[in-house]
S.K.: 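One structure is given below, represented as structure tokens, and several questions about it will come after.
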Amino acid sequence: MNDTRDRRSPTAPKRLLAVLAVCVLGFGLGATTLSLAAPAPLNILVNESPQKPLVHLPDFTPIIKKVGAAVVNISSTSTKTVPQGAQNPFPPNSPFHQFFHQFMVPGGPTQQKVSDLGSGFIISPNGYIVTAAHVVHGADHIMVTLANHHAYPAKLVGMSVRYDTALLKIKANNLPTVPIGNSDHLQVGQWLLAVGAPFGFFNTVTQGVVSAVNRSLPHDDQYIPFIQSDVPINPGNSGGPLFNMSGQVVGINDQIYTKSGGYMGLSFSIPINTVMRVVHDLAQHKPIQFGWLGVEVQDVSAKMGKALHLKEPVGALIASVVSKGPAAKAGLQPGDVVVTFNDKPVYDVGQLPPMIGNTQPGTKVSIGILRNGKPKTLEVTIGTLPKSASAQAGGASGQSGDVSRLQIQVQPLTKSAAKNLGISHGVLVIGVGSGPAAQAGITPGMVIQDIGQQPVDSPAQLEHIVASLPSGEPIPLRVRKGKQSLYTVVILPAPGS
């Protein structure tokens with residue numbers, strides 16, 4: 001019995017393996033059958049009807065639909081004189097550049113046609129167009145292309161280089177126009193929109209915000225109170241419109257600050273209020289007049305503010321006053337600090353020139369000043385800016401004198417030199433040692449006009465005034481350098497030290 005059980009036991013695992021094999025095969029066939037079944041349909045919801053935005057961001061499409069057709073592209077062709085001759089095929093940083101350059105034979109000048117691209121906008125249905133003056137300055141031919149790709153030759157009605165504004169005219173009617181806004185209402189942080197042709201890419205739209213207003217730029221005309229923004233503009237945008245969120249033009253895109261030739265985050269536009277003042281005169285063929293006060297101004301540093309007894313270093317410091325000019329007639333003096341102009345605050349020197357220049361000549365305005373730290377208000381009638389006249393320093397001769405406390409040597413100013421400089425008094429600096437004057441930036445050739453708010457007429461008088469001034473305190477010192485007067489601060493040592 002035990003033997004029979006022992007003989008059958010080896011067959012049991014075989015039967016179990018067979019059953020498992022069938023089961024595995026069955027599952028495999030079942031899996032194959034399931035994989036060949038038809039796939040379930042994709043259930044994707046498609047809804048093309050307008051939806052409410054989940055996040056509220058500015059939508060500029062209504063502005064472009066309303067005014068985009070009034071933005072134009074401007075191409076100009078001018079003739080320029082360029083030197084003739086072979087060009088160096090190697091870049092300046094190549095070791096072969098200088099080697100090749102020594103074998104180049106320069107030719108005479110030759111005339112070449114140069115093409116420029118810019119932008120503009122239509123301001124009247126009968127074809128008047130505004131752009132930047134540098135887009136069409138010196139152009140022989142000007143073409144205007146509308147948004148519908150119709151092109152027209154344009155006539156230059158007039159331009160102002162000082163305000164970088166030009167007015168063009170094309171023979172067309174019933175044209176779309178842009179609404180003109182008020183740039184005085186701009187505030188830092190407001191959204192802006194620019195439309196133009198950067199690098200020739202027509203009808204390009206970019207956006208940003210107002211970064212600053214009334215911005216003066218170095219090496220540019222101080223009569224333009226630029227709008228600074230972060231709206232991306234590039235070559236080709238010049239002359240194009242800058243829109244606010246109401247679709248109104250608030251400026252002309254004019255220039256960028258760049259080290260690469262392209263946009264770097266700083267864009268500058270001419271306010272439309274400034275532009276339209278020029279445009280109206282150009283349309284009527286009137287000479288463009290600029291307001292004139294007859295002063296030279298400079299910034300108020302912290303040291304200068306202390307020297308002038310100011311509570312804080314703000315305003316525009318008057319460095320010189322033109323004889324018989326509007327400021328002189330009103331009683332303004334060198335050393336006065338302008339803090340308001342026509343009831344508008346003046347926080348720094350860059351704000352004052354645009355305020356004056358954009359004031360119509362003959363207008364009477366009130367000017368708030370600080371004189372020796374005390375407030376005063378004067379009434380001034382703005383004059384007309386005269387044509388610039390060059391004034392250069394003449395030679396001076398006579399008995400020289402040493403002012404040991406300043407460590408300088410000076411001599412009297414001749415009448416002819418004073419006349420050429422446009423001043424009535426002062427002494428010429430002919431030598432500067434290592435001392436207070438050198439530390440204040442005084443150099444030979446300058447003319448010292450005032451020190452400690454006291455006028456200087458002779459070397460002896462300068463030495464007498466300096467001897468009476470306190471030591472260790474900032475003292476305002478006014479000098480004339482070429483045709484410009486400016487203030488600096490000098491700190492005098494103790495007498496005899």
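For clarity, every value in this text was computed on a predicted model and none was experimentally measured.
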S.K.: Just grab all the salt bridge (Lys or Arg N to Asp or Glu O under 4.0 Å) pairs involving residues 124-140, residues at least two apart or on different chains.
M.R.: Lys113-Asp140
S.K.: Hey, are the side chains of Ile63 and Met245 touching, using non-hydrogen atoms and a 4.5 Å cut-off?
M.R.: yes
S.K.: For Ser75 and Leu117, what are the C-alpha separation, side-chain angles and deciding distance, and is it a side-chain contact (heavy atoms from CB on, under 4.5 Å)?
M.R.: CA-CA 5 Å; Ser75 61; Leu117 290 175; 3.7 Å; yes
S.K.: Is a donor from one side chain sitting under 3.5 angstrom from an acceptor on the other, for Asn253 and Asn237?
M.R.: no
S.K.: Regarding Ser211 and Asp230, do their side chains bring together a donor and an acceptor under 3.5 Å, going by distance alone?
M.R.: no
S.K.: Which pairs pass salt bridge (Lys or Arg N to Asp or Glu O under 4.0 Å) with one or both residues in residues 187-209, sequence neighbours excluded?
M.R.: none
S.K.: In Å, rounded to the nearest 0.5 Å, how long is the span from CD of Gln453 to CD1 of Ile475?
M.R.: 10.0 Å
S.K.: Do Val456 and Val410 come close enough that some side-chain heavy atom pair is under 4.5 Å?
M.R.: no
S.K.: Are Asp450 and Pro455 packed together at the side-chain level, in the sense that at least one heavy-atom pair is separated by less than 4.5 angstrom?
M.R.: yes
S.K.: Inspect the surroundings of NE2 in His425 and state if more than 12 heavy atoms from other residues, nucleotides or ligands are less than 6.0 Å away.
M.R.: yes
S.K.: Please collect all side chain to side chain donor-acceptor pair (under 3.5 Å) contacts where either partner lies in residues 292-306, sequence neighbours excluded, each pair once.
M.R.: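 Every pair satisfying side chain to side chain donor-acceptor pair (under 3.5 Å) with a residue in residues 292-306: Glu296-Ser320, Glu296-Arg480.
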S.K.: side-chain contact (heavy atoms from CB on, under 4.5 Å), that's the test. Do Leu168 and Ile74 meet it? Break it down for me.
M.R.: CA-CA 10 Å; Leu168 308 179; Ile74 298 174; 3.9 Å; yes
S.K.: In Å and rounded to the nearest 0.5 Å, what is the CG to CG distance from Leu477 to Leu486?
M.R.: 9.0 Å
S.K.: At their closest point, which heavy atom of Pro241 faces which heavy atom of Val249, and how far apart are they?
M.R.: CB-CG2, 3.9 Å
S.K.: Please report, to 0.1 Å, the donor-acceptor pairs under 3.5 Å made by any side chain of residues 122-134, with sequence neighbours excluded.
M.R.:
unit_1: Ser124; atom_1: OG; unit_2: Asn126; atom_2: OD1; d: 2.6
unit_1: Ser124; atom_1: OG; unit_2: Tyr128; atom_2: N; d: 3.2
unit_1: Thr131; atom_1: OG1; unit_2: Ser119; atom_2: O; d: 2.6
unit_1: His134; atom_1: ND1; unit_2: Asp164; atom_2: OD1; d: 3.4
unit_1: His134; atom_1: ND1; unit_2: Asp164; atom_2: OD2; d: 2.8
unit_1: His134; atom_1: NE2; unit_2: Ser238; atom_2: OG; d: 3.1

S.K.: Is any side-chain heavy atom of Thr363 less than 4.5 Å from a side-chain heavy atom of Asn342?
M.R.: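 In short, these two side chains do not touch, never coming nearer than 4.5 Å.
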S.K.: Let's go through Ile382 and Gln360 carefully: what are the C-alpha distance in whole Å and the side-chain angles of both, what is the deciding distance for side-chain contact (heavy atoms from CB on, under 4.5 Å) to 0.1 Å, and is it a yes or a no?
M.R.: CA-CA 7 Å; Ile382 299 299; Gln360 191 68 28; over 6 Å; no
S.K.: If you compare all heavy atoms of Pro313 against all heavy atoms of Val300, which two are closest, and at what distance to 0.1 Å?
M.R.: CB-O, 3.6 Å
S.K.: What heavy-atom pair brings Pro225 and Thr274 nearest, and what distance separates the two atoms?
M.R.: CD-OG1, 3.9 Å
S.K.: Which residues satisfy the side-chain contact (heavy atoms from CB on, under 4.5 Å) test with Leu378, sequence neighbours excluded?
M.R.: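 Listed in chain order: Leu332, Ile369, Arg371, Lys376.
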S.K.: Does the side chain of Val135 come within less than 4.5 Å of Asp116's, by heavy atoms?
M.R.: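 With C-beta onward as the side chain, the pair stays apart.
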S.K.: Which heavy atom of Pro287 sits nearest a heavy atom of Asp281, and at what distance?
M.R.: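 Looks like O-OD2, 4.4 Å.
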S.K.: What pairs of residues pass the side chain to side chain donor-acceptor pair (under 3.5 Å) test when at least one of them lies in residues 168-180, not counting sequence neighbours?
M.R.: none
S.K.: Determine whether Pro375 and Leu370 make a side-chain contact, defined as any pair of heavy atoms from C-beta on separated by less than 4.5 Å.
M.R.: yes
S.K.: Tell me, which pairs form a salt bridge (Lys or Arg N to Asp or Glu O under 4.0 Å) where one or both residues lie in residues 59-78, sequence neighbours left out?
M.R.: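 Sorted result for residues 59-78: empty, none.
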S.K.: Taking Asn148 for its side chain and His150 for its backbone only, find out whether a donor-acceptor pair lies under 3.5 Å.
M.R.: yes
S.K.: Kindly indicate, with the supporting measurements, whether the criterion side-chain contact (heavy atoms from CB on, under 4.5 Å) is fulfilled by Ile423 and Leu413.
M.R.: CA-CA 10 Å; Ile423 58 179; Leu413 192 66; 3.7 Å; yes
S.K.: Any sub-3.5 Å donor-acceptor pair from Ser76's side-chain atoms to Val136's backbone N or O?
M.R.: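 The answer is no, because no donor-acceptor pair under 3.5 Å joins these two groups.
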S.K.: Can you tell if the side chain of Gln248 reaches within under 4.5 Å of the side chain of Val67, non-hydrogen atoms only?
M.R.: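 A side-chain contact is absent here, since even the closest heavy-atom pair is not under 4.5 Å.
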S.K.: Nearest heavy-atom pair of Ile270 and Tyr163: which atoms, and what distance?
M.R.: CD1-O, 3.2 Å
S.K.: Rounded to the nearest 0.5 Å, how far apart are CD1 of Ile233 and CG of Asp254?
M.R.: 7.5 Å
S.K.: With His309, which residues qualify under side-chain contact (heavy atoms from CB on, under 4.5 Å), at least two apart?
M.R.: none
S.K.: Can you check whether Pro334 reaches Gln449 side chain to side chain, under 4.5 Å on heavy atoms?
M.R.: no
S.K.: Applying side-chain contact (heavy atoms from CB on, under 4.5 Å), can you list everything that pairs with Ala330, at least two apart in sequence or on another chain?
M.R.: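 Expected list: Val380.
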S.K.: Pairs under 3.5 angstrom only: tabulate donor-acceptor contacts from the side chains of residues 186-209 to other protein residues two or more places apart or in another chain.
M.R.:
unit_1: Gln190; atom_1: OE1; unit_2: Gln187; atom_2: N; d: 2.6
unit_1: Thr204; atom_1: OG1; unit_2: Phe201; atom_2: O; d: 2.7
unit_1: Thr206; atom_1: OG1; unit_2: Pro232; atom_2: O; d: 2.8

S.K.: Taking only residues two or more places apart in sequence, or in another chain, which ones meet Asp343 in a side-chain contact (heavy atoms from CB on, under 4.5 Å)?
M.R.: Ser366
S.K.: Can you name the nearest heavy-atom pair linking Val489 to Met304, along with the distance?
M.R.: CG2-CE, 3.4 Å
S.K.: Rounded to the nearest 0.5 Å, what separates atom CG in Leu167 from atom CE in Met276?
M.R.: 8.5 Å
S.K.: Here's one to test your reading of the geometry: is the NZ or CZ of Arg215 within 45 degrees of the ring axis of Phe268 and under 6.0 Å from its centre?
M.R.: no
S.K.: Between CG of Asn244 and OG of Ser183, what distance do you get to the nearest 0.5 Å?
M.R.: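 Answer for the CG-OG pair, Asn244 versus Ser183, is 10.5 Å.
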S.K.: To the nearest 0.5 angstrom, please state how far the CG atom of Leu385 sits from the CG atom of Leu293.
M.R.: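 The CG atom of Leu385 sits 11.0 Å away from the CG atom of Leu293.
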S.K.: Which donor-acceptor pairs under 3.5 Å do the side chains of residues 346-355 make with protein atoms, sequence neighbours left out?
M.R.:
unit_1: Asp348; atom_1: OD1; unit_2: Gly350; atom_2: N; d: 3.0
unit_1: Asp348; atom_1: OD1; unit_2: Gln351; atom_2: N; d: 3.4
unit_1: Gln351; atom_1: OE1; unit_2: Tyr347; atom_2: N; d: 2.7
unit_1: Gln351; atom_1: OE1; unit_2: Asp348; atom_2: N; d: 3.2

